[in-house]
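Since the structure comes first, as C-alpha coordinates, the remarks are kept for the end.
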Amino acid sequence: MKQNSIQKIRGTNDILPADYGYWLKIKNTFEAVMQNGGFKYIEPPILEYKELFIRSVGENTDIVNKEIFGASRLDSTDEIKYALRPEFTAGIARSFIENGMSSWALPVQLYYWGPSFRYDRPQAGRYRQFYQGGFEIFGDDTAESDALSILVVYEMLEKLNLAEKVIFEINTLGDESDRSKIQKAYKEYFSEYKDKLCPDCQQRLDKNILRLLDCKEKNCQKIQERAPQLIDLLSQKSRDRFKFTLETLDELNICYSINPKLVRGLDYYTNFVFEIRDIEDDTRQSSLGGGGRYNNLVKELGGNPTSGIGFAFGVERYIEKMKQYKIKPDPIPAVKVYIIQIGNKAKKKSLNIIYKLHQFGIPAAPVMGGRDSLKSQLKYVDKMNAPIAVIIGQKEAIDGTAIIRNMKDGVQEIVDFEELILKLKDILNL
Ligand code: HAM
(Lines give C-alpha, C1' and ligand atoms only; values in the text may rest on other atoms or scores of the structure.)
Protein backbone atom coordinates (compact mmCIF):
# COMPACT_ATOMS: atom_id res chain seq x y z
CA MET A 1 0.00 0.00 0.00
CA LYS A 2 1.33 3.45 -0.91
CA GLN A 3 2.11 5.66 2.04
CA ASN A 4 -0.34 8.39 1.13
CA SER A 5 -3.27 6.08 0.38
CA ILE A 6 -6.34 6.64 2.55
CA GLN A 7 -7.48 3.77 4.75
CA LYS A 8 -10.83 3.03 6.31
CA ILE A 9 -11.64 4.64 9.65
CA ARG A 10 -10.79 2.52 12.68
CA GLY A 11 -13.85 0.63 13.83
CA THR A 12 -15.52 0.58 10.41
CA ASN A 13 -15.71 -2.36 8.01
CA ASP A 14 -15.98 -2.97 4.30
CA ILE A 15 -18.61 -5.59 3.52
CA LEU A 16 -16.61 -7.65 1.05
CA PRO A 17 -18.04 -10.07 -1.54
CA ALA A 18 -16.71 -13.09 0.37
CA ASP A 19 -18.86 -12.18 3.39
CA TYR A 20 -21.99 -11.15 1.55
CA GLY A 21 -23.53 -14.64 1.79
CA TYR A 22 -23.63 -14.25 5.59
CA TRP A 23 -25.27 -10.84 5.31
CA LEU A 24 -27.87 -12.17 2.90
CA LYS A 25 -28.64 -15.19 5.05
CA ILE A 26 -29.17 -13.09 8.17
CA LYS A 27 -31.18 -10.41 6.38
CA ASN A 28 -33.41 -12.86 4.51
CA THR A 29 -34.04 -14.95 7.62
CA PHE A 30 -34.77 -11.88 9.72
CA GLU A 31 -37.15 -10.39 7.12
CA ALA A 32 -39.01 -13.68 6.69
CA VAL A 33 -39.55 -14.02 10.46
CA MET A 34 -40.64 -10.40 10.74
CA GLN A 35 -43.03 -10.47 7.80
CA ASN A 36 -44.52 -13.79 8.94
CA GLY A 37 -45.21 -12.19 12.29
CA GLY A 38 -47.02 -9.16 10.84
CA PHE A 39 -44.17 -6.64 11.16
CA LYS A 40 -43.85 -3.89 8.50
CA TYR A 41 -40.57 -2.39 7.28
CA ILE A 42 -39.55 1.10 8.36
CA GLU A 43 -36.35 3.00 7.67
CA PRO A 44 -35.75 6.21 9.59
CA PRO A 45 -32.95 8.51 8.42
CA ILE A 46 -29.41 7.99 9.66
CA LEU A 47 -29.22 11.70 10.52
CA GLU A 48 -31.52 13.06 13.21
CA TYR A 49 -31.42 16.06 15.55
CA LYS A 50 -28.98 15.14 18.33
CA GLU A 51 -31.63 16.28 20.83
CA LEU A 52 -33.70 13.22 19.92
CA PHE A 53 -31.04 10.86 21.22
CA ILE A 54 -30.22 12.95 24.27
CA ARG A 55 -33.90 12.95 25.25
CA SER A 56 -34.57 9.29 24.57
CA VAL A 57 -31.40 7.30 25.17
CA GLY A 58 -30.68 9.53 28.20
CA GLU A 59 -28.38 12.41 29.07
CA ASN A 60 -26.36 10.36 31.52
CA THR A 61 -25.77 7.24 29.48
CA ASP A 62 -22.43 6.21 27.97
CA ILE A 63 -23.97 6.40 24.51
CA VAL A 64 -24.93 10.05 24.83
CA ASN A 65 -21.93 11.13 26.92
CA LYS A 66 -19.18 9.47 24.95
CA GLU A 67 -20.43 7.75 21.84
CA ILE A 68 -22.55 9.99 19.62
CA PHE A 69 -21.09 11.15 16.32
CA GLY A 70 -22.17 14.72 15.62
CA ALA A 71 -22.60 15.87 12.02
CA SER A 72 -22.50 19.29 10.40
CA ARG A 73 -21.48 20.98 7.16
CA LEU A 74 -17.72 20.69 6.80
CA ASP A 75 -17.20 24.46 6.79
CA SER A 76 -19.70 25.24 9.54
CA THR A 77 -18.62 26.85 12.79
CA ASP A 78 -22.15 26.71 14.27
CA GLU A 79 -23.03 24.41 17.13
CA ILE A 80 -23.53 20.84 15.88
CA LYS A 81 -27.25 20.09 15.61
CA TYR A 82 -27.33 16.72 13.92
CA ALA A 83 -26.13 13.29 14.98
CA LEU A 84 -25.60 9.94 13.28
CA ARG A 85 -28.03 7.52 14.91
CA PRO A 86 -26.44 5.36 17.63
CA GLU A 87 -29.57 3.13 17.52
CA PHE A 88 -32.98 3.01 15.85
CA THR A 89 -35.57 3.05 18.65
CA ALA A 90 -35.46 6.82 19.19
CA GLY A 91 -35.86 7.59 15.48
CA ILE A 92 -38.71 5.12 15.14
CA ALA A 93 -40.54 6.55 18.16
CA ARG A 94 -40.07 10.00 16.56
CA SER A 95 -41.46 8.69 13.28
CA PHE A 96 -44.38 7.02 15.11
CA ILE A 97 -45.37 10.41 16.52
CA GLU A 98 -44.61 12.45 13.41
CA ASN A 99 -46.60 10.17 11.11
CA GLY A 100 -49.63 9.92 13.41
CA MET A 101 -49.23 6.17 13.82
CA SER A 102 -51.18 6.20 17.08
CA SER A 103 -54.29 6.40 14.88
CA TRP A 104 -53.29 3.27 12.95
CA ALA A 105 -54.66 -0.09 14.06
CA LEU A 106 -52.72 -0.87 17.23
CA PRO A 107 -50.38 -2.50 17.91
CA VAL A 108 -48.11 -1.02 15.26
CA GLN A 109 -45.34 -3.56 14.59
CA LEU A 110 -42.30 -2.29 12.72
CA TYR A 111 -38.93 -3.76 11.78
CA TYR A 112 -35.72 -2.23 10.47
CA TRP A 113 -32.21 -2.90 9.25
CA GLY A 114 -29.27 -0.56 8.68
CA PRO A 115 -26.10 1.02 10.02
CA SER A 116 -25.76 2.64 13.45
CA PHE A 117 -22.81 4.63 14.72
CA ARG A 118 -21.17 4.75 18.14
CA TYR A 119 -17.85 6.27 19.06
CA ASP A 120 -16.89 3.14 21.01
CA ARG A 121 -13.31 2.07 21.58
CA PRO A 122 -12.91 -0.28 18.62
CA GLN A 123 -12.14 -3.92 19.40
CA ALA A 124 -13.33 -7.32 18.20
CA GLY A 125 -17.12 -7.17 17.86
CA ARG A 126 -17.27 -3.49 18.84
CA TYR A 127 -17.33 -1.12 15.92
CA ARG A 128 -17.93 2.55 15.24
CA GLN A 129 -20.18 1.72 12.31
CA PHE A 130 -22.18 -1.47 12.73
CA TYR A 131 -25.43 -2.82 11.35
CA GLN A 132 -28.47 -3.43 13.47
CA GLY A 133 -31.60 -5.35 12.63
CA GLY A 134 -34.50 -4.94 15.02
CA PHE A 135 -38.17 -4.36 15.67
CA GLU A 136 -40.51 -2.24 17.76
CA ILE A 137 -44.11 -2.89 18.86
CA PHE A 138 -46.16 0.18 19.83
CA GLY A 139 -49.50 0.09 21.66
CA ASP A 140 -49.50 -3.32 23.34
CA ASP A 141 -48.62 -3.33 27.00
CA THR A 142 -49.34 -6.99 27.73
CA ALA A 143 -46.97 -9.54 29.23
CA GLU A 144 -47.86 -11.61 26.19
CA SER A 145 -46.04 -9.18 23.90
CA ASP A 146 -43.02 -9.36 26.23
CA ALA A 147 -42.91 -13.09 25.54
CA LEU A 148 -43.69 -12.59 21.84
CA SER A 149 -40.61 -10.38 21.57
CA ILE A 150 -38.49 -13.25 22.83
CA LEU A 151 -40.28 -15.72 20.55
CA VAL A 152 -39.56 -13.86 17.30
CA VAL A 153 -35.90 -13.44 18.25
CA TYR A 154 -35.76 -17.14 19.07
CA GLU A 155 -37.38 -18.08 15.74
CA MET A 156 -34.74 -16.17 13.87
CA LEU A 157 -31.90 -17.71 15.87
CA GLU A 158 -33.37 -21.16 15.30
CA LYS A 159 -33.50 -20.63 11.53
CA LEU A 160 -29.87 -19.53 11.61
CA ASN A 161 -28.90 -22.60 13.69
CA LEU A 162 -27.76 -20.33 16.50
CA ALA A 163 -30.58 -20.98 19.00
CA GLU A 164 -28.65 -23.69 20.83
CA LYS A 165 -25.56 -21.52 21.13
CA VAL A 166 -27.13 -18.59 22.94
CA ILE A 167 -29.02 -17.85 26.11
CA PHE A 168 -31.67 -15.22 26.78
CA GLU A 169 -30.93 -13.21 29.90
CA ILE A 170 -34.01 -11.50 31.19
CA ASN A 171 -35.01 -9.17 33.98
CA THR A 172 -37.66 -6.69 34.95
CA LEU A 173 -37.05 -3.14 36.07
CA GLY A 174 -40.59 -2.63 37.37
CA ASP A 175 -43.07 -0.06 36.21
CA GLU A 176 -43.42 3.65 36.93
CA SER A 177 -45.03 3.01 40.30
CA ASP A 178 -42.07 0.84 41.43
CA ARG A 179 -39.48 3.39 40.35
CA SER A 180 -39.25 5.64 43.41
CA LYS A 181 -39.06 2.68 45.79
CA ILE A 182 -36.28 1.09 43.72
CA GLN A 183 -34.30 4.31 43.42
CA LYS A 184 -34.61 5.06 47.14
CA ALA A 185 -33.49 1.56 48.14
CA TYR A 186 -30.41 1.59 45.89
CA LYS A 187 -29.51 5.16 46.77
CA GLU A 188 -29.52 4.27 50.45
CA TYR A 189 -27.53 1.09 49.92
CA PHE A 190 -24.85 2.36 47.53
CA SER A 191 -24.40 5.75 49.28
CA GLU A 192 -22.93 3.88 52.23
CA TYR A 193 -20.08 2.69 49.97
CA LYS A 194 -19.68 5.90 47.99
CA ASP A 195 -15.92 6.20 48.60
CA LYS A 196 -15.26 2.66 47.43
CA LEU A 197 -17.18 2.97 44.15
CA CYS A 198 -15.40 3.70 40.85
CA PRO A 199 -15.61 7.33 39.63
CA ASP A 200 -18.26 6.41 37.02
CA CYS A 201 -20.44 4.77 39.68
CA GLN A 202 -20.02 7.75 42.01
CA GLN A 203 -21.59 9.85 39.27
CA ARG A 204 -24.25 7.23 38.58
CA LEU A 205 -25.28 7.49 42.23
CA ASP A 206 -26.86 10.84 41.49
CA LYS A 207 -27.72 10.44 37.86
CA ASN A 208 -28.38 6.85 36.86
CA ILE A 209 -28.72 4.66 39.91
CA LEU A 210 -29.75 1.40 38.19
CA ARG A 211 -26.50 1.31 36.19
CA LEU A 212 -24.68 0.70 39.49
CA LEU A 213 -26.00 -2.83 39.26
CA ASP A 214 -24.11 -3.75 36.10
CA CYS A 215 -20.73 -2.03 36.58
CA LYS A 216 -17.92 -4.43 35.67
CA GLU A 217 -15.29 -2.93 38.05
CA LYS A 218 -14.14 -5.50 40.62
CA ASN A 219 -14.74 -3.32 43.69
CA CYS A 220 -18.15 -2.25 42.48
CA GLN A 221 -19.07 -5.87 41.78
CA LYS A 222 -18.25 -6.82 45.34
CA ILE A 223 -20.53 -4.09 46.62
CA GLN A 224 -23.26 -5.16 44.17
CA GLU A 225 -23.32 -8.64 45.69
CA ARG A 226 -25.10 -7.54 48.84
CA ALA A 227 -27.35 -4.97 47.18
CA PRO A 228 -31.13 -5.47 47.51
CA GLN A 229 -32.57 -7.68 44.76
CA LEU A 230 -34.60 -5.75 42.22
CA ILE A 231 -37.34 -8.36 42.21
CA ASP A 232 -37.88 -7.90 45.97
CA LEU A 233 -38.53 -4.21 45.46
CA LEU A 234 -41.32 -4.70 42.92
CA SER A 235 -45.04 -4.49 43.57
CA GLN A 236 -47.08 -7.69 43.49
CA LYS A 237 -48.57 -6.53 40.17
CA SER A 238 -45.13 -6.23 38.53
CA ARG A 239 -44.05 -9.58 39.93
CA ASP A 240 -47.19 -11.31 38.64
CA ARG A 241 -46.63 -9.81 35.25
CA PHE A 242 -43.05 -11.04 35.13
CA LYS A 243 -44.21 -14.49 36.27
CA PHE A 244 -46.72 -14.61 33.41
CA THR A 245 -43.94 -13.87 30.91
CA LEU A 246 -41.69 -16.55 32.40
CA GLU A 247 -44.49 -19.12 32.34
CA THR A 248 -45.24 -18.30 28.70
CA LEU A 249 -41.57 -18.86 27.87
CA ASP A 250 -41.71 -22.18 29.74
CA GLU A 251 -44.68 -23.19 27.59
CA LEU A 252 -42.56 -22.38 24.55
CA ASN A 253 -39.62 -24.38 25.91
CA ILE A 254 -37.31 -21.42 25.37
CA CYS A 255 -34.32 -21.46 27.72
CA TYR A 256 -33.66 -18.29 29.62
CA SER A 257 -31.78 -17.18 32.66
CA ILE A 258 -32.97 -14.46 35.02
CA ASN A 259 -30.19 -11.95 35.50
CA PRO A 260 -31.19 -9.59 38.32
CA LYS A 261 -28.32 -7.28 37.38
CA LEU A 262 -29.44 -6.80 33.78
CA VAL A 263 -30.44 -3.13 33.52
CA ARG A 264 -29.37 -2.24 29.92
CA GLY A 265 -27.39 0.82 28.93
CA LEU A 266 -30.19 3.06 27.68
CA ASP A 267 -32.46 5.13 29.92
CA TYR A 268 -35.79 4.55 28.25
CA TYR A 269 -36.44 1.06 29.59
CA THR A 270 -39.28 0.12 31.96
CA ASN A 271 -40.44 -3.36 33.04
CA PHE A 272 -39.20 -6.21 30.90
CA VAL A 273 -35.62 -6.19 29.55
CA PHE A 274 -33.60 -8.91 27.85
CA GLU A 275 -30.33 -9.66 26.09
CA ILE A 276 -28.92 -12.59 24.19
CA ARG A 277 -25.38 -13.74 24.62
CA ASP A 278 -23.25 -16.70 23.65
CA ILE A 279 -23.62 -19.46 26.27
CA GLU A 280 -19.83 -19.74 26.38
CA ASP A 281 -19.19 -16.02 26.81
CA ASP A 282 -18.82 -15.61 30.56
CA THR A 283 -17.42 -12.10 30.29
CA ARG A 284 -20.88 -10.75 29.39
CA GLN A 285 -19.11 -7.96 27.58
CA SER A 286 -20.61 -8.35 24.16
CA SER A 287 -24.24 -9.24 23.73
CA LEU A 288 -25.56 -10.42 20.40
CA GLY A 289 -28.71 -8.41 20.85
CA GLY A 290 -30.82 -6.68 23.45
CA GLY A 291 -34.11 -5.01 24.01
CA GLY A 292 -36.98 -4.35 26.32
CA ARG A 293 -40.04 -2.31 27.11
CA TYR A 294 -40.10 1.49 27.02
CA ASN A 295 -43.57 2.60 28.04
CA ASN A 296 -42.69 6.28 28.61
CA LEU A 297 -40.62 7.00 25.53
CA VAL A 298 -43.36 8.11 23.13
CA LYS A 299 -44.84 10.42 25.77
CA GLU A 300 -41.42 11.85 26.64
CA LEU A 301 -40.85 12.65 22.98
CA GLY A 302 -44.13 14.58 22.83
CA GLY A 303 -46.59 11.94 21.60
CA ASN A 304 -49.75 10.49 23.12
CA PRO A 305 -48.80 8.06 25.89
CA THR A 306 -48.16 4.78 24.04
CA SER A 307 -46.44 1.67 25.32
CA GLY A 308 -43.55 0.15 23.40
CA ILE A 309 -41.27 -2.86 23.36
CA GLY A 310 -38.50 -3.79 20.95
CA PHE A 311 -35.19 -5.44 20.28
CA ALA A 312 -32.09 -4.96 18.12
CA PHE A 313 -29.22 -7.27 17.24
CA GLY A 314 -25.73 -6.57 15.95
CA VAL A 315 -25.40 -8.07 12.46
CA GLU A 316 -21.57 -8.26 12.58
CA ARG A 317 -21.81 -10.13 15.88
CA TYR A 318 -24.25 -12.64 14.38
CA ILE A 319 -21.84 -13.15 11.46
CA GLU A 320 -18.93 -13.73 13.82
CA LYS A 321 -20.97 -16.42 15.62
CA MET A 322 -21.98 -18.06 12.33
CA LYS A 323 -18.31 -18.26 11.35
CA GLN A 324 -17.25 -19.50 14.79
CA TYR A 325 -19.86 -22.27 14.66
CA LYS A 326 -19.21 -23.03 10.98
CA ILE A 327 -22.74 -22.20 9.89
CA LYS A 328 -22.94 -21.99 6.11
CA PRO A 329 -23.70 -18.65 4.43
CA ASP A 330 -26.33 -18.37 1.67
CA PRO A 331 -24.95 -19.03 -1.81
CA ILE A 332 -24.63 -15.90 -3.95
CA PRO A 333 -26.07 -16.27 -7.46
CA ALA A 334 -23.15 -16.63 -9.87
CA VAL A 335 -22.64 -16.36 -13.62
CA LYS A 336 -23.25 -19.76 -15.23
CA VAL A 337 -22.22 -18.96 -18.79
CA TYR A 338 -19.24 -16.92 -20.00
CA ILE A 339 -19.07 -15.88 -23.64
CA ILE A 340 -15.63 -16.20 -25.15
CA GLN A 341 -15.23 -14.01 -28.23
CA ILE A 342 -12.38 -14.28 -30.71
CA GLY A 343 -12.06 -11.59 -33.34
CA ASN A 344 -13.99 -8.36 -33.91
CA LYS A 345 -17.02 -9.94 -35.60
CA ALA A 346 -17.59 -12.19 -32.58
CA LYS A 347 -17.01 -9.35 -30.13
CA LYS A 348 -19.74 -7.30 -31.84
CA LYS A 349 -22.23 -10.20 -31.61
CA SER A 350 -21.52 -11.29 -28.04
CA LEU A 351 -23.33 -8.54 -26.09
CA ASN A 352 -26.49 -9.17 -28.10
CA ILE A 353 -26.29 -12.88 -27.23
CA ILE A 354 -25.81 -12.04 -23.56
CA TYR A 355 -28.81 -9.69 -23.64
CA LYS A 356 -30.95 -12.54 -25.05
CA LEU A 357 -29.65 -15.04 -22.48
CA HIS A 358 -30.55 -12.60 -19.69
CA GLN A 359 -34.06 -12.26 -21.11
CA PHE A 360 -34.45 -16.02 -20.73
CA GLY A 361 -33.11 -16.00 -17.16
CA ILE A 362 -29.65 -17.39 -17.91
CA PRO A 363 -26.93 -15.71 -15.79
CA ALA A 364 -24.29 -14.84 -18.41
CA ALA A 365 -21.40 -12.42 -18.89
CA PRO A 366 -18.71 -11.76 -21.49
CA VAL A 367 -15.07 -12.46 -20.73
CA MET A 368 -13.70 -8.95 -20.35
CA GLY A 369 -10.41 -7.31 -19.49
CA GLY A 370 -9.01 -7.16 -23.02
CA ARG A 371 -8.25 -10.88 -23.17
CA ASP A 372 -7.96 -11.89 -26.84
CA SER A 373 -6.68 -15.44 -27.09
CA LEU A 374 -8.83 -18.52 -26.56
CA LYS A 375 -6.37 -19.81 -23.98
CA SER A 376 -6.46 -16.73 -21.76
CA GLN A 377 -10.25 -16.49 -21.98
CA LEU A 378 -10.69 -20.16 -21.06
CA LYS A 379 -8.33 -19.68 -18.14
CA TYR A 380 -10.50 -16.83 -16.88
CA VAL A 381 -13.74 -18.87 -17.14
CA ASP A 382 -12.02 -21.65 -15.24
CA LYS A 383 -11.02 -19.23 -12.49
CA MET A 384 -14.60 -17.97 -12.23
CA ASN A 385 -15.77 -21.56 -11.68
CA ALA A 386 -18.49 -21.24 -14.30
CA PRO A 387 -19.84 -24.54 -15.64
CA ILE A 388 -20.21 -23.41 -19.28
CA ALA A 389 -18.28 -21.35 -21.81
CA VAL A 390 -19.87 -20.35 -25.12
CA ILE A 391 -17.16 -19.79 -27.70
CA ILE A 392 -17.76 -17.57 -30.72
CA GLY A 393 -14.88 -17.30 -33.15
CA GLN A 394 -14.64 -15.62 -36.57
CA LYS A 395 -16.12 -18.70 -38.30
CA GLU A 396 -19.01 -19.12 -35.86
CA ALA A 397 -19.87 -15.41 -36.12
CA ILE A 398 -20.17 -15.75 -39.91
CA ASP A 399 -22.04 -19.11 -39.79
CA GLY A 400 -24.47 -18.04 -37.04
CA THR A 401 -23.27 -20.83 -34.74
CA ALA A 402 -21.65 -21.10 -31.30
CA ILE A 403 -19.59 -23.70 -29.48
CA ILE A 404 -20.88 -24.80 -26.08
CA ARG A 405 -18.04 -26.04 -23.91
CA ASN A 406 -18.57 -27.98 -20.71
CA MET A 407 -15.84 -26.58 -18.48
CA LYS A 408 -15.67 -29.69 -16.33
CA ASP A 409 -14.79 -32.27 -18.99
CA GLY A 410 -13.91 -30.03 -21.95
CA VAL A 411 -16.57 -31.66 -24.20
CA GLN A 412 -17.72 -29.26 -26.93
CA GLU A 413 -20.74 -29.12 -29.16
CA ILE A 414 -21.60 -26.77 -32.04
CA VAL A 415 -25.13 -25.32 -32.11
CA ASP A 416 -27.02 -22.74 -34.19
CA PHE A 417 -27.68 -19.40 -32.50
CA GLU A 418 -31.43 -20.22 -32.52
CA GLU A 419 -30.84 -23.39 -30.54
CA LEU A 420 -28.42 -21.86 -28.07
CA ILE A 421 -30.91 -20.69 -25.45
CA LEU A 422 -32.90 -23.93 -25.31
CA LYS A 423 -29.73 -26.00 -25.18
CA LEU A 424 -28.22 -23.93 -22.35
CA LYS A 425 -31.48 -24.04 -20.36
CA ASP A 426 -31.46 -27.78 -20.73
CA ILE A 427 -27.82 -28.21 -19.66
CA LEU A 428 -28.21 -25.84 -16.70
CA ASN A 429 -31.60 -27.19 -15.62
CA LEU A 430 -33.16 -23.73 -15.74
P1 HAM B 1 -28.16 -2.03 22.36
O2 HAM B 1 -28.05 -3.09 23.41
O3 HAM B 1 -27.47 -0.75 22.63
O4 HAM B 1 -29.73 -1.78 22.20
O5 HAM B 1 -27.69 -2.58 20.97
C6 HAM B 1 -28.26 -3.75 20.42
C7 HAM B 1 -27.19 -4.62 19.82
O8 HAM B 1 -26.43 -3.90 18.86
C9 HAM B 1 -26.14 -5.11 20.82
O10 HAM B 1 -26.60 -6.21 21.54
C11 HAM B 1 -24.98 -5.48 19.89
O12 HAM B 1 -25.19 -6.75 19.32
C13 HAM B 1 -25.11 -4.42 18.80
N14 HAM B 1 -24.12 -3.36 19.07
C15 HAM B 1 -24.24 -2.33 19.91
N16 HAM B 1 -23.12 -1.56 19.88
C17 HAM B 1 -22.28 -2.14 18.99
C18 HAM B 1 -20.96 -1.84 18.48
N19 HAM B 1 -20.30 -0.75 18.88
N20 HAM B 1 -20.42 -2.67 17.56
C21 HAM B 1 -21.09 -3.77 17.13
N22 HAM B 1 -22.33 -4.09 17.55
C23 HAM B 1 -22.91 -3.30 18.47
C24 HAM B 1 -30.25 -0.91 21.30
O25 HAM B 1 -29.64 -0.39 20.40
C26 HAM B 1 -31.74 -0.72 21.49
N27 HAM B 1 -32.20 0.26 20.51
C28 HAM B 1 -32.47 -2.03 21.33
C29 HAM B 1 -33.94 -1.88 21.49
C30 HAM B 1 -34.86 -1.85 20.50
N31 HAM B 1 -34.57 -1.71 22.63
C32 HAM B 1 -35.86 -1.57 22.39
N33 HAM B 1 -36.04 -1.62 21.10
Side-chain angles (χ1 to χ4, degrees), residues 9-13 15 26 30 34 39 42 44 48 52-53 56-58 61-64 66-69 84-96 107-138 140 145-146 148-150 152-153 156-157 162 166-171 173 211 214 262-278 281 284-298 307-322:
I9 298 170
R10 223 158 73 84
T12 66
N13 294 300
I15 302 173
I26 294 174
F30 170 59
M34 288 287 98
F39 289 79
I42 183 168
E48 298 266 8
L52 173 71
F53 302 116
S56 52
V57 173
T61 55
D62 283 353
I63 294 184
V64 165
K66 307 181 202 159
E67 296 173 7
I68 291 207
F69 277 95
L84 302 185
R85 66 172 172 232
E87 57 108 49
F88 281 73
T89 313
I92 290 172
R94 193 254 325 124
S95 177
F96 179 87
V108 173
Q109 294 170 261
L110 303 166
Y111 76 94
Y112 49 86
W113 172 278
S116 292
F117 303 81
R118 293 185 195 175
Y119 202 90
D120 255 343
R121 199 159 53 84
Q123 50 187 285
R126 193 165 292 257
Y127 306 111
R128 289 186 172 164
Q129 177 177 340
F130 57 96
Y131 269 70
Q132 283 188 326
F135 63 83
E136 313 294 342
I137 306 172
F138 294 96
D140 185 325
S145 66
D146 297 353
L148 175 86
S149 301
I150 298 266
V152 286
V153 177
M156 179 185 177
L157 291 163
L162 283 173
V166 303
I167 181 103
F168 284 89
E169 294 207 324
I170 62 183
N171 194 20
L173 308 177
R211 288 309 304 274
D214 79 342
L262 181 70
V263 294
R264 309 268 302 127
L266 304 96
D267 272 3
Y268 48 61
Y269 290 110
T270 52
N271 297 58
F272 188 62
V273 287
F274 63 104
E275 279 186 4
I276 39 176
R277 66 171 180 85
D278 190 319
D281 172 21
R284 292 163 193 249
Q285 295 280 18
S286 78
S287 61
L288 286 157
R293 187 162 278 292
Y294 46 85
N295 284 352
N296 299 325
L297 180 60
V298 174
S307 63
I309 183 165
F311 165 84
F313 63 95
V315 180
E316 290 83 355
R317 292 191 189 177
Y318 269 40
I319 292 176
E320 278 150 30
K321 284 297 145 204
M322 285 174 70

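Order of listing sets the numbers, starting from 1, for every ligand and every atom in it.
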One pair to check against side-chain contact (heavy atoms from CB on, under 4.5 Å): Asp146 and Phe274. What are the steps and the verdict? CA-CA 10 Å; Asp146 297 353; Phe274 63 104; over 6 Å; no

Could you give me the CA-CA distance, side-chain angles and deciding distance for Glu275 and Arg264, then say whether side-chain contact (heavy atoms from CB on, under 4.5 Å) is met? CA-CA 8 Å; Glu275 279 186 4; Arg264 309 268 302 127; 2.8 Å; yes

Start with the C-alpha distance between Ser145 and Arg293, add both sets of side-chain angles, then the distance that settles side-chain hydrogen bond (donor to acceptor under 3.5 Å, both in side chains), and finish with yes or no. CA-CA 10 Å; Ser145 66; Arg293 187 162 278 292; 2.9 Å; yes

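At distances below 3.5 Å, not a single donor-acceptor pair connects side-chain atoms of Ser95 with backbone N or O atoms of Pro44. Under a 3.5 Å cut-off, the side chain of Arg317 and the backbone N or O of Gly289 do not form any donor-acceptor pair. Remark: side-chain polar atoms of Asp140 are not paired, donor with acceptor, to backbone N or O of Pro107 under 3.5 angstrom. Using a distance-only test at 3.5 Å, with no hydrogens or angles considered, a donor-acceptor pair links the side chain of Asn295 to the main chain of Gly308.
Contacts between Glu275 and ligand 1 below 4.0 angstrom, taking non-hydrogen atoms only, are absent altogether. Residue Arg128 does not touch ligand 1, judged by heavy-atom distances below 4.0 Å. Residue contacts with ligand 1, taken as heavy atom pairs separated by less than 4.0 Å, do not involve Phe117 at all. The part of Arg264 lying near ligand 1 is the side chain, judged by heavy-atom distances below 4.0 Å. No part of Tyr131 comes within 4.0 Å of ligand 1, judged by heavy-atom distances. With a heavy-atom cut-off of 4.0 Å, Phe311 touches ligand 1 through its backbone alone. Here Leu288 has backbone heavy atoms under 4.0 Å from ligand 1, and that is the only part of it that gets that close.
Relative to the six-membered ring of Phe88, Arg85 meets both conditions, a distance below 6.0 Å and an angle of at most 45° to the axis.
Considering only non-hydrogen protein atoms, atom 19 (N) of ligand 1 sits nearest to Tyr127 O, 2.8 Å. Of the protein's non-hydrogen atoms, the one nearest atom 8 (O) of ligand 1 is Gln132 NE2, 3.1 Å. Here the protein heavy atom with the shortest distance to atom 14 (N) of ligand 1 is Phe130 CE1, 3.5 Å. In terms of protein heavy-atom proximity, atom 33 (N) of ligand 1 is closest to Glu136 OE1, 2.9 Å. Counting protein heavy atoms only, atom 13 (C) of ligand 1 is closest to Gly314 CA, 3.6 Å. Of the protein's heavy atoms, Arg118 NH1, 3.5 Å lies nearest to atom 15 (C) of ligand 1.
Of the options Phe135, Tyr111, Tyr112, a ring pair (Phe, Tyr, Trp, His ring centres under 6.0 Å) to Phe39 is made by Phe135 and by none of the others. Screening Phe311, Phe313, Tyr131 for a ring pair (Phe, Tyr, Trp, His ring centres under 6.0 Å) involving Phe30 leaves a single residue, Phe313.
Contact atoms of ligand 1 toward Tyr269: 26 (C), 28 (C), 29 (C), 31 (N), 32 (C) (distance under 4.0 Å to a heavy atom of the residue). Near Tyr112, with a cut-off below 4.0 Å to any heavy atom, the atoms of ligand 1 are 30 (C). Residue Gly125 has at least one heavy-atom neighbour below 4.0 Å for each of these atoms of ligand 1: 20 (N), 21 (C), 22 (N). Atoms of ligand 1 found under 4.0 Å from any heavy atom of Glu87 (numbered from 1 in listed order, with element): 25 (O), 26 (C), 27 (N). Ligand 1 places these atoms under 4.0 Å from at least one heavy atom of Leu266: 3 (O), 4 (O). Of all the atoms in ligand 1, the ones that sit under 4.0 Å from a non-hydrogen atom of Gly289 are 10 (O), 12 (O). Shown in contact with Arg126 at under 4.0 Å from a heavy atom are these atoms of ligand 1, numbered in order with element: 19 (N), 20 (N). Close approach of ligand 1 to Gly290 is summarised as follows: ligand atoms under 4.0 Å from at least one heavy atom of the residue are 10 (O), 28 (C), 29 (C).
If you check each of Tyr268, Tyr119, Phe313, Phe88 against atom 26 (C) of ligand 1, the one with the closest non-hydrogen atom is Tyr268. Proximity annotation for atom 12 (O) of ligand 1: of Ser149, Ala93, Ser287, Ala124, Ser287 comes nearest, heavy atoms only.
Counting non-hydrogen atoms of other residues, nucleotides and ligands closer than 6.0 Å to OH of Tyr119 gives a total of 12 or fewer.
The nearest pair of heavy atoms linking Pro122 to Arg10 is CD-NH2, 3.6 Å. Nearest approach of Glu67 to Asp120, heavy atoms of both residues: OE2-OD1, 2.8 Å. Contact between Leu52 and Ser56 at its shortest, heavy atoms only, is O-OG, 2.6 Å. Of all the heavy atoms in Leu262 and Asn171, the pair that sits closest is O-ND2, 2.9 Å. Heavy-atom minimum distance, Tyr294 versus Ile137: OH-N, 4.3 Å.
Using a 4.0 Å heavy-atom cutoff, Tyr318 is absent from the residues neighbouring ligand 1. Residue contacts with ligand 1: Gly134 is excluded, as none of its non-hydrogen atoms falls under 4.0 Å.
The shortest N or O to N or O distance between Gly291 and ligand 1 is not under 3.5 Å. Considering backbone and side-chain atoms alike, Pro86 places every N or O at 3.5 Å or more from each N or O of ligand 1. Ligand 1 has no nitrogen or oxygen under 3.5 angstrom from a nitrogen or oxygen of Glu316. Ligand 1 has no N or O atom lying under 3.5 Å from any N or O atom of Tyr294, backbone or side chain.
Defined by atom type and a distance below 3.5 Å, a donor-acceptor pair is present between the side-chain atoms of Thr89 and Tyr268.
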